[in-house]
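What you see is a predicted model; the values in this text were computed from it and never measured.
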Amino acid sequence: MKPLGSQDPEQLGRYRLLAVIGRGGMGQVLLGQGPDGRLVAVKQIHRQFTGNPEFRARFRREVLASQQVTGAYTAGVVDHDADFETPWLASEYIAGPGLQDTIGEFGRLNLNGLKLLATGLAMALLEIHRTGLVHRDLKPSNILLTNDGPRVIDFGIARALEDDITLTATGAVIGSPAYMSPEQAECRALTPASDVFALGAVLAMAATGASPFDAASTPQVLYNVLYSSPDTTAIPAPIRALVDACLAKDPSARPTPEQVLDAASRIDVEPVWPVRIRRRIADCRTEAGRWADGTAAAATAAAPEQPKPRWARVIPAAAVASALVLGAIAFFGVGVEGNAVEMDDPPLALTDDETRRLDVCALLGPSVLGELGTATGEFVPGAAGGCRIAYRDQTGRTVSFNLETEMAPAAIRDDQQPMGSTINWMPVLGRHKEASYCDRIVITQSGLPMALTMSASVLSSGADLCPLSERALAAVVRRLSVNPPLRDLPRDSVLRLDPCSLLDAGAVRATVGDLVRSSTPHTCALTGADGYFSVDISERIRPDNVTGAKLRKTREIGDRTVYLDADGADYCTFVVLVRPTRDDQAEQVRATYFSSRPQTRPHCDTAAALLEPALQKLPTS
């Protein structure tokens, strides 16, 4: 740290400024002290960047996101002013050395230190992920050491300091190559599992002294991350299996932070830093206290610059580190390192199983849409993956919200227009700019193809519900990103199945020609020049409980009784009852064959022939 310069402010907000921690191209980091004596790190943005309203909006958004992270193993934002002439934020001050410097100075950690490190990092990730963030740059220089354990810093703010649209559009890889996950190296969707991979790389580094993917060049490091299996034999055996699991290339094969915490707790040693590290932490606290009481500033002003031994050069840099500081200084210098992103950035990293088990009605509940009013009436489930409910807003107006998830993304792209806005990087689509019945749609960009369609309507005309529809859709996306509500389906539920896995593609191709496949979570359609065949899986009213001439007709296909749902000159639809569920509902499969070409046999005979292979893959009804 250095004393304040003549151009530096003496106070920002309620914080008296004591020293300069670091400067960079985007701003500076200052040591501050609150009215209660608490030390903070104050990050102040340079004046030339403050005239851009979009910059201020991003700054404010990321600060507010960061303030949600308040766990014991993270260091969070405590105050900010995004509207000040030079925006600033104050973060919790951590007087402790960085893990990177500690390993460089003292060498690798013993098993006691590794247990404390693993436990603390797992707890930190639990808190970060709870708020809907993925750190995306968990590395040794973003981890500070205190007597209580590690503190993870630098989350939430760096996106406010970058042109994130440009970076994303150009496919830039943001992060530290030696500690990024394979999916991050390939610019794929990030989930909490990406941070778990980084946790494993950090533990390996702390146990051996070097990243498990180190190489002579960045391209070689990225190649190792993507394709090489690291040598972990030098890692102490009690923690080696945990590190190996965290470093799995497949995100779904990695443990969750909860599982990491459980595995670390079973290591039979006391979680404590080695004595030399605890001494260094004490030195850092003493150094911070000297700046707080003014003795360090006085000594700096009076004494000439003297060469310092290596250990003395390390202490001041480590002692002044605080929440976001190390990553911020790195960021200010190079422009891309050290940032956190919302968990759904890239948008919505749902697994296939989660997508098929979504409880759509829960996505319309008060915990999601409560800010829009008070729910009235009951949920009304739709026939094909949808749900509807009404809310009464503060003016007494009743608005009906309807959410659907089974509309074909390809058809939506052809039918809807971009509205000029985005929700978590997904372009918002719709039919009308203003309407009293208004729908807004986003299409997921990872995982199973899924279009989230939110419509809002009122009985009275003249009201523009498009802004309300988009707000409701944004609330749904936020909930999906953090904690998607899932239905508790039996293991043998047909709703868990991939509908495309039921089809015999060869037989369909021979009937309709070369295939184009389109699908939603519960529907698969194979289309050719001569027609199409589709199956959809749903929970609907039981076909044997519905009156009507068509549904009373049945047909034996293989050893199954199927119900004729509809037939006409160029189509035929069968319904297969798979498993009764509740009341008059049942899990069922609907199969439709369509062709406008002249046929040599009835459409229903063709539909039956194409459906029969699927019936053999269904559980017994």
ask   = Quick one: side chain to side chain donor-acceptor pair (under 3.5 Å) pairs with a partner in residues 464-475, sequence neighbours left out?
value = Ser421-Glu470

Results of side-chain contact (heavy atoms from CB on, under 4.5 Å) for Thr374 - residues two or more places apart only = none

ask   = Applying ring pair (Phe, Tyr, Trp, His ring centres under 6.0 Å), which residue pairs with at least one partner in residues 181-200 are found, sequence neighbours left out?
value = Phe197-Phe213

Quick one: [atom1] on [X] to [atom2] on [Y], what's the gap to the nearest 0.5 Å?
| X | Y | atom1 | atom2 | result |
| --- | --- | --- | --- | --- |
| Cys604 | Asp567 | SG | CG | 4.5 Å |
| Cys466 | Lys433 | SG | NZ | 9.5 Å |
| Leu369 | Phe401 | CG | CZ | 6.5 Å |
| Ile423 | Ile441 | CD1 | CD1 | 11.0 Å |
| Ser455 | Asn402 | OG | CG | 4.0 Å |
| Met123 | Leu121 | CE | CG | 11.5 Å |

query = Is it the case that Asp353 and Thr351 place a side-chain donor and acceptor less than 3.5 Å from each other?
reply = no

ask   = Do Arg136 and Ser194 have side-chain N/O donor and acceptor atoms under 3.5 Å apart?
value = no

Side-chain contact, heavy-atom cut-off 4.5 Å: [X] with [Y]?
| X | Y | result |
| --- | --- | --- |
| Pro409 | Met450 | no |
| Leu358 | Pro484 | yes |
| Leu226 | Pro182 | yes |
| Leu526 | Val512 | no |
| Val134 | Gln184 | no |
| Met454 | Leu364 | yes |
| Asp498 | Arg356 | yes |
| Asp439 | Met407 | no |

request  = Under the side-chain hydrogen bond (donor to acceptor under 3.5 Å, both in side chains) rule, collect the residues that match up with Asn224, sequence neighbours excluded.
outcome  = Gln220, Ser228

inquiry  = List the residues meeting salt bridge (charged side-chain N to carboxylate O under 4.0 Å, His left out) with Asp605, not counting sequence neighbours, and say none if there are none.
reply    = Arg555

message = Applying salt bridge (charged side-chain N to carboxylate O under 4.0 Å, His left out), can you list everything that pairs with Arg582, at least two apart in sequence or on another chain?
response = Glu539

For [X], does the [atom1] atom have more than 12 heavy-atom neighbours from other residues, nucleotides or ligands under 6.0 Å away?
| X | atom1 | value |
| --- | --- | --- |
| Arg479 | CZ | yes |
| Gln394 | CD | no |
| Glu556 | CD | yes |
| Asp488 | CG | no |

message = Ignoring hydrogens, what is the shortest heavy-atom contact between Cys524 and Leu503? Give both atom names and the distance.
response = SG-CD1, 3.9 Å

key: Arg590/Glu406 salt bridge by N-O under 4.0 Å criterion   = no

